[in-house]
Amino acid sequence: KLSSGQYGCCPYPEAVCCDDGEHCCPNGYTCDVSAGTCNKGNTQSELTALSVGSVKCDDGSSCPTGTTCCKLSSGQYGCCLILKLCAVMMANIAVRMATRVTSAKERVTELARIPNRGYRS
């Protein structure tokens, strides 16, 4: 819950919410609000600001609260309810793309077999 009273979202699954009500850290890290860092052993990263109403993806797009960003094989981002769905989505897209490529190759091969009958328009 943000200091404004609204609920914010952190882009990390099972994130750690910082005591300032404005930032979060990845799971397993601790917040050091005064230093502006997330700490885990000797590893440090910057605190992440909570967003209101959506999860921000790396490309600047966003997904609704309760979902996560999923990078697709096209390079764009989609939104998934849980992380496992991202893997399923990517696998399904890869199968569809491979099927289209195979179908296109078969069609080209089929067209190449048709003899040129010298038709004129």
Side-chain angles (χ1 to χ4, degrees):
K1 191 169 184 177
L2 300 168
S3 56
S4 66
Q6 294 179 297
Y7 283 91
C9 298
C10 188
Y12 309 114
E14 300 178 29
V16 175
C17 294
C18 301
D19 291 337
D20 68 351
E22 300 291 329
H23 297 92
C24 65
C25 291
N27 186 25
Y29 283 72
T30 57
C31 300
D32 185 343
V33 177
S34 60
T37 60
C38 296
N39 304 317
K40 183 177 184 181
N42 293 330
T43 305
Q44 283 188 336
S45 62
E46 287 185 33
L47 291 175
T48 300
L50 297 173
S51 60
V52 178
S54 65
V55 175
K56 300 294 180 195
C57 303
D58 290 344
D59 67 348
S61 63
S62 60
C63 289
T65 301
T67 65
T68 187
C69 298
C70 174
K71 190 168 188 178
L72 305 173
S73 57
S74 66
Q76 294 179 314
Y77 282 81
C79 303
C80 300
L81 293 175
I82 55 174
L83 202 49
K84 278 187 178 178
L85 289 180
C86 289
V88 171
M89 273 178 57
M90 296 217 22
N92 287 340
I93 290 169
V95 167
R96 278 189 244 133
M97 289 177 71
T99 302
R100 287 183 189 147
V101 169
T102 301
S103 296
K105 285 180 182 176
E106 289 170 355
R107 183 70 179 138
V108 168
T109 302
E110 183 181 314
L111 290 173
R113 289 186 192 139
I114 298 172
N116 183 349
R117 302 205 188 266
Y119 292 111
R120 296 181 189 185
S121 50

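These numbers come from a predicted model, not from an experiment.
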Partner residues of D19 under the side-chain hydrogen bond (donor to acceptor under 3.5 Å, both in side chains) criterion, sequence neighbours left out: none
Residue list, side-chain hydrogen bond (donor to acceptor under 3.5 Å, both in side chains) with Y29, at least two apart or on another chain: none
N27 side chain reached by Y12 side chain, heavy atoms, under 4.5 Å: no
Audit row: C25, T48, side-chain contact (heavy atoms from CB on, under 4.5 Å) steps and yes/no: CA-CA 6 Å; C25 291; T48 300; over 6 Å; no
Non-hydrogen side-chain atoms of D58 and Y77 separated by less than 4.5 Å: yes
Gap separating the SG atom of C10 from the CG atom of L50, nearest 0.5 angstrom: 6.0 Å
Let me check something: any side-chain donor-acceptor pairs from residues 31-41 under 3.5 Å, sequence neighbours excluded? List them with distances.
| unit_1 | atom_1 | unit_2 | atom_2 | d |
| --- | --- | --- | --- | --- |
| D32 | OD1 | S34 | N | 3.4 |
| D32 | OD1 | S34 | OG | 2.9 |
| D32 | OD1 | A35 | N | 3.2 |
| T37 | OG1 | N39 | OD1 | 3.1 |
| N39 | OD1 | Q44 | NE2 | 3.2 |

